[in-house]
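See structure below.
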Number of protein chains: 2
Amino acid sequence: MKVTIYDVAEKAGVSIATVSKVINSTGNMRQATRERVLSVMEELNYYPSMMASALTGKKTETLGLLVPDISNPFFSEIARTIEDRAHEKGLSVIMCSTDESLEKEKKYLELLRRKQVDGFIIASSFNDKNLLKGIKSASIPLVMLTQEAGMAGVTSVAVDDFSGGYDAANHLLELGHQKIALINENRLSSKMRVYGFREAYESHGYTFTDDMVITTNASLANGKKVLQTIINNGNLPSAIFACNDLLAIGVLQGARERGINIPEDLSLMGFDNTILATTSVPGLTTIAQPIEEMGKKVVDVIIDSINNKYSGSERILYNPELMQRDTTRVLSEERV
Amino acid sequence: MKVTIYDVAEKAGVSIATVSKVINSTGNMRQATRERVLSVMEELNYYPSMMASALTGKKTETLGLLVPDISNPFFSEIARTIEDRAHEKGLSVIMCSTDESLEKEKKYLELLRRKQVDGFIIASSFNDKNLLKGIKSASIPLVMLTQEAGMAGVTSVAVDDFSGGYDAANHLLELGHQKIALINENRLSSKMRVYGFREAYESHGYTFTDDMVITTNASLANGKKVLQTIINNGNLPSAIFACNDLLAIGVLQGARERGINIPEDLSLMGFDNTILATTSVPGLTTIAQPIEEMGKKVVDVIIDSINNKYSGSERILYNPELMQRDTTRVLSEERV
DNA sequence: ACAAAATAGTTAAGCGCTTTCTTTAATTAT
DNA sequence: ATAATTAAAGAAAGCGCTTAACTATTTTGT
């Protein structure tokens, strides 16, 4: 049978209250007593149940993390830094991949509420804001990662997507590109990148039109597919800006398969600076997010709000950084 | 305040026992009563606490997953399939990256025990078998993934590493390579790959020596580093077999930086067939593991053993598959 | 040496559920 | 219409812990 606090108390010849005190290092007691209890705990292989203690008003020491897809390198990389930081602070994390699907978001949110997680870190879109409102009004700590909540009173940590997009456009524009296609995801952060791009683009005096952008979900396959679409549309652009590395690499693969040379025939940019950008050939020019910093920050914020040391509602924005590698280059004369 | 079963009971004008019954769809009751309770639950935004119910002998519906590193694509990919399967069956999963460190393994194991996870899926090495024994003797369900427990009574699901290594060797040997370096990790599964390799190598009449293999941890950086070491040792081999894709890609990067052409100057193989193998250029020849199947299987096994429908102790082995891409080629005459 | 103050340890209620028994109400049979 | 049977709902104990309030034991002061 499972060994409980009663077993320990009995064997150590004390009350369960005393055992509880040694577990939590609270209250006063003789050193000898403490040691005796400790050794009995050891001897019996006793693991205090966090369920039981959570039930008595303590925390569950568990965080819920909702990401679109943990197998997407960007999210697995940030999940790793979150996990590390959380563990450092004594919390575990339950991860859920939502695929940005409303049903899954709803289901997982409910599940995690029932599990009484101490707080949520949310990197999934949550287009149904009511879901978020529900947890907000139950005053369960909540921090958005990678995007804003789209409602008051929720803090978020993210890169400055707009300026990342802006930088991307500038880079391409400086290289002489003007006919550019964008690949976008249907989430706010991606759209911000496109807006930023647009801003820079127009400030160079060009006209941005919506048909320059194609929206799809993040995956290698979709990257390829979109490239195909772009090709089919005829009128190949001289550069493509994908709103994340996964899509960009998909384009890269597709290009290779069709004999389109990158960057000779086509310049390509991604966003995120995941492992994929560093391992591809040519190396992917991309906009880096400070993944580690963001991961740490987001757990620090959630922990502070769990402990009521934080009740703000900020937008914490990090600066993106252009990582210039080898998929972009000056537009050669003959293509102008 | 948090809404509890009492609030619901009171508002619905029934006892908490009745509410409990509707929550769990047990016992008999009038349809009208059930509906009334249900609607009150809805109205009050009631989320039954799983902590409380777990305390009364039910399950926590939570699995503990220990992997070396969730940001390693192999593990994030398999974690995704595990997560999906688990959710399908109503369980959540807490993920922990151990970095194969003894302290972390110990810490996380203890933590998860305290959280009363229903079972463990372990893909980390656990060189200290006592840790595993502890959970085994507490009769907490446990399945090894990617490797064996190294003790009786524990079932494991993995690829047949030995035969994967064997296949890798054969492939290289058939291409005429004979001077081959291996990059190994310090975990049993990797060593099995090397043993398999060795077996094939020797069966071709060659002599395998231990100085052909260099051991390191899985990371891009280490792949590069090892390549450097190999170069420094002089006497460059004509092929390298890395025991996982991450290391192989590291080698690929390193090679590129030093102007070593792959596969012209050096053939290269990985293991796992992660996204990295498909996106690299040239595409990495590697040994594929059936990630999805394995992920599903491992949760099915753990669930069955949680429900006492399974108490076996099998080694469930999947067949690896050679994915021939472009980093390996026939050893050219002049290099023989 | 004795009261006052501080320290050590205990009692018991309560956290939010589940579940076994009981009791009460509704059906069916006679 | 009434007893026998079955269905519906409730009472209460218990899960493993925390904690406030309390009692017993020491220690300190004078």
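Side chains are part of it too, since the values below use all heavy atoms of this structure and drop only hydrogens, waters and symmetry mates. Letters go in sequence order (proteins before strands), and every chain restarts at 1.
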Relative orientation of the end axes in the helix from C/dA1-D/dT30 to C/dT30-D/dA1, expressed as an angle to the nearest 10° (five pairs per end): 30°
Nearest-angstrom distance from the residue atom CE of A/Met51 to P of D/dT18: 13 Å
Nearest-0.5 Å distance, CD1 of residue B/Ile82 to CG of residue B/Leu65: 5.0 Å
Listed partners of A/Ser125 passing side-chain contact (heavy atoms from CB on, under 4.5 Å), at least two apart: A/Glu100, A/Glu105, A/Asn127, A/Gln147, A/Arg187
5' priority, DNA chain C, between B/Ser49 and B/Arg30 [closest heavy atom]: B/Ser49
Nearest non-hydrogen partners of A/Leu112 and A/Gly64, listed with the distance: CD1-CA, 3.8 Å
Gap between atom CG of B/Asp161 and atom CG of B/Leu317 - 0.5 Å precision: 7.5 Å
Distance in angstrom units between B/Arg34 CZ and D/dA7 C1', rounded: 13 Å
Any residue meeting salt bridge (Lys or Arg N to Asp or Glu O under 4.0 Å) with B/Arg315, in chain and number order, not counting sequence neighbours: B/Glu148
DNA chain C contacts among residues 15-28 of chain B, heavy-atom distance under 4.0 Å: B/Ile16, B/Ala17, B/Ser20, B/Asn24
For atom NZ of A/Lys58 and atom P of D/dC17, their distance in whole Å: 12 Å
Nearest atoms (heavy-atom pairs only) where A/Val67 meets A/Ala123: CG1-CB, 4.1 Å
Nearest heavy atoms of A/Gly27 and A/Lys21, plus distance in Å: CA-CD, 4.4 Å
Pairs satisfying side-chain hydrogen bond (donor to acceptor under 3.5 Å, both in side chains), at least one member in residues 128-146 of chain A, at least two apart: none
Interface with DNA chain C, restricted to residues 3-14 of chain A and to heavy atoms under 4.0 Å: A/Val14
For B/Phe74, ring-ring contact (aromatic ring centres under 6.0 Å, His included) partners two or more places apart: none
Sequence neighbours excluded, every pair satisfying side-chain hydrogen bond (donor to acceptor under 3.5 Å, both in side chains) that has a member inside residues 56-70 of chain B: A/Arg80-B/Asp69, A/Lys115-B/Thr62, B/Asn24-B/Lys58, B/Thr60-B/Asp118, B/Asp69-B/Ser71
Residue whose nearest DNA chain D nucleotide is more 5′ - B/Ala52 or B/Arg36: B/Arg36
Segment of DNA chain C, first to last nucleotide, that comes within the 4.0 Å heavy-atom reach of chain B: C/dG16 to C/dA26
Let me have the donor-acceptor pairs involving side chains of residues 39-47 of chain B, under 3.5 Å, with sequence neighbours excluded, atom names and distances please.
unit_1, atom_1, unit_2, atom_2, d
B/Ser39, OG, B/Arg36, O, 3.1
B/Glu43, OE2, B/Lys11, NZ, 3.2
B/Tyr47, OH, A/Arg113, NH1, 3.4

Residues within residues 111-119 of chain B bordering DNA chain C, heavy-atom distance below 4.0 Å: none
Could you pull out all donor-acceptor pairs under 3.5 Å where a side-chain atom in residues 296-305 of chain A meets a protein atom, sequence neighbours excluded?
unit_1, atom_1, unit_2, atom_2, d
A/Asp300, OD1, A/Arg85, NE, 3.0
A/Asp300, OD2, A/Arg85, NH2, 2.9
A/Ser305, OG, A/Val301, O, 3.3
A/Ser305, OG, A/Ile302, O, 3.2

Main-chain N/O of B/Thr4 paired to B/Asp7 side chain as donor or acceptor, under 3.5 Å: yes
Side-chain donor/acceptor of A/Glu77 to backbone N/O of A/Ile291, under 3.5 Å: no
Minimum-distance pair of heavy atoms, taken over all atoms of A/Ala79 and A/Ile70: CB-CD1, 3.5 Å
